[in-house]
Amino acid sequence: MKLHEQIFFEIKNEKLEYKSYGQLFSKLSEKLGEPIENIAKCVNKMILEGELVENHRGKLAVPSSLKLCRGIVCGNPKGFAFISPKRQGHQGFEFKKGQNEDVFVPASMLFGAFDGDEVLFRMEGKDCGSVVKVLKRGNKKVVGKLIRGNNSIFKGNRLDSENFYVIPDNTRFSKPILVPIREIKDAKEGDKVSVELTFQPEGSKCSLPVGKVLEIVKGDDIEKGIKAIMVENQIPEEFPEKVLKEAESFRTDFEKEKTRRVDLTNKLIVTIDGADAKDLDDAISLEKDGEDYVLGIHIADVGNYVKYKSEIDKEAYTRGTSVYFPGRVYPMLPKRLSNDLCSLNPNEEKLALSVVVKLNKFAEIVSYQIFESVIKSSYRLTYAQVQNILGDKLNTEENKVLSPEEMKNFLKNGSLSKPVIDMLIQMNQLSAKLGNKRRSAGALDLELPETYFDMKGNEILDIRRRERNDAYKLIENFMVLANRVVAEAFCKLDVPFVYRIHGEPSKLRVQEVVEVLNGFGIDIKQSKHIDAKYIQYVLEQVKKTDFAEVGSMLVLRALEKAVYAEECLGHFGLALQYYCHFTSPIRRYPDLTIHRIIKKALSVCKSNILTNEQTNISQIKKLFKSDYDLEEFVIDSAFQSSERERKADEAERQADDLFKAKFMEDKIGEIYQGKISGISSFGIFVELENTVEGLIKIETLPPDDYNYDERKFVLKGKKRKFSVGQEIKIKVISANVETRRIDFLLCE
């Protein structure tokens, strides 16, 4: 047990009598057999990080004894915020296991906390909480517009005419930032600037945060917008030099690796990805054994290069995930790894972690093996190519179907042999069986639109819907299977692990959605028992109507958000008891964490292969039993990965909105047919066929006595009625790239 854990438990027991910190340090030193200077250093660090806090008597206590919890603040433009609770390993956590509810905090109880800050908070009754202490600031930089104060009031704060201020682009950062004149450098009023926060106040009556200008954000409106999004969501743009240097140092002796790994370089293995993908982290193979299928899912062995606490690992942990904007990517790992060493490029030997699953003709698992391997992918296929091979002429990811001549050239130039085509056809058959089994178990299939940006450099050529074809579903079904097999294997081993969990939805929220859908005229029966099959039934009823996408979105909002956790609590949406993320270690940190755990377990397995008939379970458990570092890291990694995923999702949504606003800039005055996707008290949201969404402000609607029914998503007047799912004609009247907003006008 580490020193800070020992100190934590000694304080928690509340048996130490002391009158001063010096006396406490002395007693802990004597009891734990550690030098007093080590004790003092450790205690002070624990206080700084919120592991220990002072009670009203001036004595140290653990947070849980004072009913304090740790969490991350998510701000709101109106001043209030929500806190996402964080579970804390040995520190304890009073929220029930699996709880994923955010806590509301009024503006008056934020104690100077801002969006992204890590805080200690206390529940104030059942409905809200209050911040007690800011532990770690989430914003070191902010991007916004520099203005001169004019003795006006902005969001309740007086802007003194003698100073400059930055109004953050991040509307969740609810205070203007004071910038002294000496700190504006060469910036002028109206410039977009990046500001370093030099002071962030705490307390119930806070002054304004203070900052200094780092740089004037230059470039076109797209580049400025991207810069603001990245700063707001703490997405690093460049890798530190020491990380790049470490990445360049890696070398692989494949002949040596083949002596201890399973050599699969002679197997027929392919990758299937989008046409523009560069980081190929999964490959697949399939053979038949009588009527059985032998499916291989081969995942890039990133853990072979990225060692725990190395410079690359620390950077990857901070980033948490790769972030994808239209036409560009900000990777979790340097390109030397993500696009080269680890990427399963065709005709190159690569290190992998393989999961080989034998399934019977009904797609039921017969057996599995997990092992380290060396592979060589034979073909780098795209969804479009595979979809054409499968013979389905539906639109593909690129919305492009190859002509017979193009297909002939592709087969010729790609040297695709009959065994490859036969394998792909068999894969599609197995995929269909796995998909049917998932649906039978209650797995949800939400009809949600995805956007495809057709880019040429920074130019947006077109925006359209991305199609989920059979080739896409094939990869999805195989990856879900691999993730499920790995999660089940390690849950049964009962060792530290990172799972992907998705909790059951609130019964009340589901019933409210069903009431709304019934209001649309969709006949859906209410149920007292809310399980995955019932949600699936609701979605099936919705899909038969014109409200498929809108209805799916309403159902999605009623569901919990999937997160990472150290406990195997099941995945509601996939209707699986066991699930994890194992298949994308190049772009997701939890997958990398799992790979390290798998490799550690394999080190004591017979022939370095983990099977469903494992005989040395006790030896594996013994290997992990006293690894307190790993237990603590798994908890931290799960929370960090969930937070970074949330930030990345938000950044990607904002980037999509930015590019959509840019695309619509030259469409002002044009008329489109759209569908109402949402209704609020201030207007109507309309989505076009290409997924672009805009707002019709309520004041621009034809005069009427409008009433907004928030339960039924209806805006009703005496003459007109607007409801979600209704088709209407609109005119584009504005597209603001800076605010990422598009406004429409109703066409009579």
Side-chain angles (χ1 to χ4, degrees), residues 254 257-258 260-273 280-304 342-361 363-381 386 416-417 419-435 471 473-489 580-586 591 594-595 598-599 602 605 607-613:
F254 285 100
E257 290 292 340
K258 285 178 185 177
R260 68 177 196 86
R261 293 171 179 253
V262 179
D263 184 357
L264 300 178
T265 53
N266 291 323
K267 291 282 186 183
L268 178 56
I269 296 174
V270 300
T271 62
I272 306 175
D273 292 275
L280 314 180
D281 49 13
D282 58 85
I284 51 176
S285 60
L286 185 70
E287 297 174 341
K288 290 297 292 287
D289 181 7
E291 290 190 319
D292 291 345
Y293 298 92
V294 181
L295 174 66
I297 300 104
H298 315 282
I299 309 301
D301 187 358
V302 180
N304 183 77
C342 297
S343 186
L344 306 181
N345 303 323
N347 302 312
E348 296 178 9
E349 290 187 341
K350 298 289 181 179
L351 304 183
L353 272 180
S354 293
V355 177
V356 176
V357 188
K358 178 177 275 194
L359 304 106
N360 62 23
K361 63 180 180 180
E364 298 167 334
I365 296 174
V366 176
S367 63
Y368 64 78
Q369 294 182 324
I370 303 170
F371 53 86
E372 293 176 302
S373 62
V374 181
I375 70 166
K376 183 160 69 172
S377 168
S378 302
Y379 299 95
R380 188 262 195 257
L381 302 174
V386 173
L416 276 185
S417 61
V420 181
I421 297 172
D422 289 344
M423 182 178 74
L424 291 171
I425 291 170
Q426 289 175 349
M427 283 179 169
N428 194 40
Q429 293 168 351
L430 176 58
S431 171
K433 291 178 181 180
L434 288 169
K473 292 175 184 176
L474 183 154
I475 292 298
E476 181 183 76
N477 285 326
F478 290 176
M479 296 307 120
V480 168
L481 177 67
N483 289 331
R484 169 193 161 194
V485 166
V486 169
E488 182 171 359
C580 69
H581 274 172
F582 154 78
T583 54
S584 295
I586 290 178
D591 304 53
I594 283 172
H595 277 228
I598 293 172
K599 287 162 73 70
L602 289 175
C605 291
S607 302
N608 295 326
I609 298 175
L610 181 68
T611 73
N612 55 302
E613 297 177 345

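Predicted, not measured: the structure shown is a model, and the values here were computed from it.
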Side chains of Q429 and I425: closer than 4.5 Å at any heavy-atom pair? yes
Side-chain donor or acceptor of N483 paired with backbone N/O of M479 under 3.5 Å: yes
Under a 4.5 Å cut-off applied to non-hydrogen side-chain atoms, are I365 and R484 in contact? yes
Those residues at least two apart in sequence (or on a different chain) that pass salt bridge (charged side-chain N to carboxylate O under 4.0 Å, His left out) with E372 are R260, R261, K599
Validate the cation-pi geometry between K358 and Y368: distance from NZ or CZ to the six-membered ring centre under 6.0 Å, angle to the ring axis within 45°. no
Once salt bridge (charged side-chain N to carboxylate O under 4.0 Å, His left out) is applied, do any residues pair with K376, and if so which ones, sequence neighbours excluded? none
Selection residues 426-435 - residue pairs positive for salt bridge (charged side-chain N to carboxylate O under 4.0 Å, His left out), sequence neighbours left out: none
S373: side chain to side chain donor-acceptor pair (under 3.5 Å) partners, not counting sequence neighbours: S354
Partner set under side chain to side chain donor-acceptor pair (under 3.5 Å) for T265, not counting sequence neighbours: D263
Using salt bridge (charged side-chain N to carboxylate O under 4.0 Å, His left out) as the criterion, list what pairs up with E613, not counting sequence neighbours. none
Salt bridge (charged side-chain N to carboxylate O under 4.0 Å, His left out) partners for D292, two or more places apart: none
Taking all non-hydrogen atoms of both residues into account, name the closest pair between V270 and S377 and its distance. CA-OG, 3.9 Å
Is there a side-chain contact between D281 and D591, using heavy atoms and a 4.5 Å cut-off? no
Going by heavy atoms in the side chains, are D282 and L344 under 4.5 Å from each other? no
By ring-ring contact (aromatic ring centres under 6.0 Å, His included), which residues pair with H298, not counting sequence neighbours? none
Residues forming a side chain to side chain donor-acceptor pair (under 3.5 Å) with N345, sequence neighbours excluded: S343
Nearest 0.5 Å please: distance from the CD atom of Q369 over to the CD1 atom of I609. 5.0 Å
To the nearest 0.5 Å, what is the distance between CD1 (I272) and CZ (F478)? 8.0 Å
Less than 4.5 Å apart, any side-chain heavy atom of I269 and any of I284? no
Could you tell me if the side chain of L359 sits less than 4.5 Å from the side chain of L434, heavy atoms only? yes
Taking only residues two or more places apart in sequence, or in another chain, which ones meet V356 in a side chain to side chain contact (heavy atoms under 4.5 Å, CB included)? V294, F371
What pair of heavy atoms forms the shortest contact from N612 to V366, and how long is it? ND2-O, 3.9 Å
What distance separates I299 CD1 from C342 SG, expressed to the nearest 0.5 Å? 12.5 Å
Which heavy atom of R380 sits nearest a heavy atom of P346, and at what distance? CB-CG, 3.6 Å
Going from CG on N428 to CG on N477, what distance comes out if it is rounded to the nearest 0.5 angstrom? 9.5 Å
Run the side chain to side chain donor-acceptor pair (under 3.5 Å) test against E476 and tell me which residues pass, sequence neighbours left out. R468
For A487, the side chain to side chain contact (heavy atoms under 4.5 Å, CB included) test, sequence neighbours excluded, returns Y499, Y578, C580
Sub-4.5 Å side-chain heavy-atom contact between F254 and L351: yes
Would you say L268 and M423 make side-chain contact, with heavy atoms under 4.5 Å? yes
For Y293 and K361 the tightest heavy-atom approach is CE1-CA, 4.3 Å
Might you point out which heavy atoms bring A283 and I375 nearest each other, and give the distance in Å? CB-CD1, 4.2 Å
Atom pair OG1 (T583) and CG (L353), whose distance is rounded to the nearest 0.5 Å: 12.0 Å
Looking only at heavy atoms, the pair that brings S285 and L295 closest together is O-CD1, 3.4 Å
Between E257 and N304, does a side chain to side chain contact (heavy atoms under 4.5 Å, CB included) hold up when you go through it step by step? CA-CA 11 Å; E257 290 292 340; N304 183 77; 4.0 Å; yes
Would the number of heavy atoms belonging to other residues, nucleotides or ligands and lying under 6.0 Å from NZ of K267 be above 12? no
